[in-house]
Amino acid sequence: MASSLLFPKLLVFVVAGVLPAISSSPGLGCYRSIISFGDSLADTGNALHLARSAGRSTHAGSLPYGQTHFRRPTGRFSDGRLVIDFVAERLGLPYVAPYYGDDGGRSVEAFRKGVNFAVGGATALDGSFFEGRGMGSNFPNESLGVQLGLFKELLPSLCYTSSDCKEFLGNSLVLMGEIGGNDYNHPFFMGKDLEEIQDFVPLVIEEIVSAISELIHLGAVTILVPGNFPIGCLPAYLTTFQSSDKEAYDPSTGCLNWLNEFSQYHNEQLQLKLDHLRELHPRTKIIYVDYYNAAVRFYQSPNKFGFEGQVFRACCGGGGTHNYNSSALCSSNTKVCDDPSSYASWDGLHFTEAAYRWIFKSIADGPFTVPKLDISCPLLALNEHMECPVLSSELPHLKIDA
């Protein structure tokens, strides 16, 4: 990939606590903040804090969740870091603070460097939508609309005038999801018909597009919008919809065709709407993140990614062909594999840190974004995860190819 550094590489040192001035244009300097919306694929602790405040427990609130990197449960639905964590590391920013957190994590100063509204189990559509279709009332009340509302309430604390807020958002990287997966997961596992769930797709995408439009109006300039993963490859789906018909499986991956076709349908419709948004907002960088094709490679060539054929079994689970049992989900009472890095799936629905790392690399350094992402940062930033400054080449900036 051709280098896009704006200046020759220089050896630069930063006095502790002093950062160089960063241009107000995101294309010319490092992003100052990450603003995140979504579900458990991006949740860095919100579901855990909400559960604790309600006197409930959550699987992500106890080991083995968090065992690989943090050595403790953080509320992330994985053994370690998520894509959003690798993005923060690459940009030299702190791990994105969950909006619902302890008092120390909820300071305005912390949120100016990043705030995460993603909640495990969240849907794009409001819970009333599903309740009105006879699916019960147990859906989390943290839909995308709720998350966006919380951000709008917080924004005046992060900036003081309309122009300040536009500058703040212009220097922020906005992650819109992944969101929408649970709008399908819940009804699929309830046994709803495919045709009924397909009717949800335009409504889900409209919620996503509406949220993006509102963020653009507020001043967002760079927005990453991930699509859906290949759900037909996930142990939870392979277990629930196991078929004796060999034709139901893709011979190149072993995944269930009809479920992956559904994911692709969602992604195709989402991309069409994003194309229209780009026409309406030509100065906004709306980047589609192709989670589907970034992840499907695991199932096509597992050994290439170090998964040693363990792509259809969860590392942590309650047994069975795919080590997934809806009655014995991953917890401190279930068996955990010896080496999570050799597995793609952590608990049957979520990926391992190793898989998320590969997904991040494929979108940051590879071809799985539209338009193409170029990673560079001509300025030096202080890496919040290290004890010393690092060079600009080690802390690139997400920038779009012209």
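All values derive from a computational prediction rather than experimental measurement.
The main-chain N or O of Leu238 is never found under 3.5 Å from a side-chain atom of Tyr324 such that the two would form a donor-acceptor pair. Checked by atom type and distance alone, the side chain of Arg313 pairs as donor or acceptor with a backbone atom of Thr321 at under 3.5 Å. Remark: side-chain polar atoms of Ser263 are paired, donor with acceptor, to backbone N or O of Phe229 under 3.5 angstrom. Using modelled atom types, one side-chain atom of Arg112 and one backbone atom of Ser157 make a donor-acceptor pair closer than 3.5 Å. In terms of modelled atom types and a separation under 3.5 Å, the side chain of Thr334 and the main chain of Ser331 share a donor-acceptor contact. Checking side-chain atoms of Ser107 against main-chain N and O of Ala110 turns up a donor-acceptor pair under 3.5 Å. For Thr284 (side chain) and Ile286 (main-chain N/O), no donor-acceptor pair under 3.5 Å exists by modelled atom type. The backbone N or O of Glu206 lies less than 3.5 Å from no partner atom in the side chain of Ser210, so there is not a single donor-acceptor pair.
Crowding of Glu247 atom CD: a count of heavy atoms from other residues, nucleotides or ligands under 6.0 Å not exceeding 12. The local environment of NZ in Lys166 is crowded, with over 12 non-hydrogen atoms from other residues, nucleotides or ligands closer than 6.0 Å. Within a 6.0 Å radius of CG in Asn303, other residues, nucleotides and ligands contribute more than 12 heavy atoms. When the shell of 6.0 Å around NE2 of His69 is examined, it contains more than 12 heavy atoms from other residues, nucleotides or ligands.
Contact check for Ile287 versus Val225: no side-chain heavy atoms found under the 4.5 Å cut-off. A heavy-atom distance below 4.5 Å is found between the side chains of Tyr99 and Leu150.
Remark: the His350 side chain and the Ser345 side chain contain no N/O donor-acceptor pair separated by less than 3.5 Å. Side-chain N/O atoms of Tyr237 and Gln242 include no donor and acceptor closer than 3.5 Å. Side-chain N/O atoms of Tyr184 and His266 include a donor and acceptor closer than 3.5 Å. A donor-acceptor pair shorter than 3.5 Å can be found between the side chains of Asn116 and Thr44. Side-chain contact check for Ser143 and Asp126: at least one donor-acceptor pair (N or O, by modelled atom type) lies under 3.5 Å.
Both tests hold for Arg133 against Phe129: distance to the six-membered ring centre under 6.0 Å, angle to the ring axis within 45°. Cation-pi geometry between Arg76 and Tyr95 is satisfied (NZ or CZ under 6.0 Å from the ring centre, within 45° of the ring normal).
The two residues Pro64 and Ser332 make their nearest non-hydrogen contact at CD-N, 3.9 Å. The shortest heavy-atom contact between Ala47 and Gly120 is CB-N, 3.7 Å. Listed here is the closest heavy atom pair of Ala220 and Val174: CB-CG2, 4.1 Å. Here the closest non-hydrogen pair linking Tyr65 and Ala60 is CG-CA, 3.7 Å.
Checked against a 6.0 Å centroid threshold, the rings of Tyr291 and Phe368 do not count as neighbours. Checked against a 6.0 Å centroid threshold, the rings of Phe305 and Trp358 count as neighbours.
Checked against the 2.5 Å cut-off, the SG-SG distance between Cys159 and Cys165 falls under it.
Within the model, atoms CG of Asn293 and CD1 of Ile359 stand 12.0 Å from one another, a figure rounded to the nearest 0.5 Å. Taking OG of Ser36 as the start and CD1 of Ile34 as the end, the distance is 8.5 Å to the nearest 0.5 Å. Within the model, atoms CD of Gln147 and CG of Asn46 stand 8.0 Å from one another, a figure rounded to the nearest 0.5 Å. Going from atom CG of Leu155 over to atom CG of Leu215 covers 9.5 Å, rounded to the nearest 0.5 Å. Atoms NZ and CD, from Lys192 and Gln198 in turn, are 15.5 Å apart once rounded to the nearest 0.5 Å.
Aromatic ring pairs are classed by plane angle as parallel below 30°, tilted from 30° to 60° and perpendicular above 60°; the pair Phe189 and Phe241 is parallel. The aromatic rings of His322 and Phe312 stand perpendicular to each other, their planes meeting at an angle above 60°, with 30° marking the opposite boundary.
The only option from Phe200, Phe139, Phe130 that meets the ring-ring contact (aromatic ring centres under 6.0 Å, His included) definition with His186 turns out to be Phe139.
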Inset, instruction - Check the pair Tyr343, Phe307 against ring-ring contact (aromatic ring centres under 6.0 Å, His included), reporting the backbone distance first and the verdict last. - result: CA-CA 5 Å; Tyr343 285 70; Phe307 295 135; 8.7 Å; no

Inset, instruction - Check the pair Cys315, Cys337 against disulfide (SG to SG under 2.5 Å), reporting the backbone distance first and the verdict last. - result: CA-CA 5 Å; Cys315 170; Cys337 66; 2.0 Å; yes

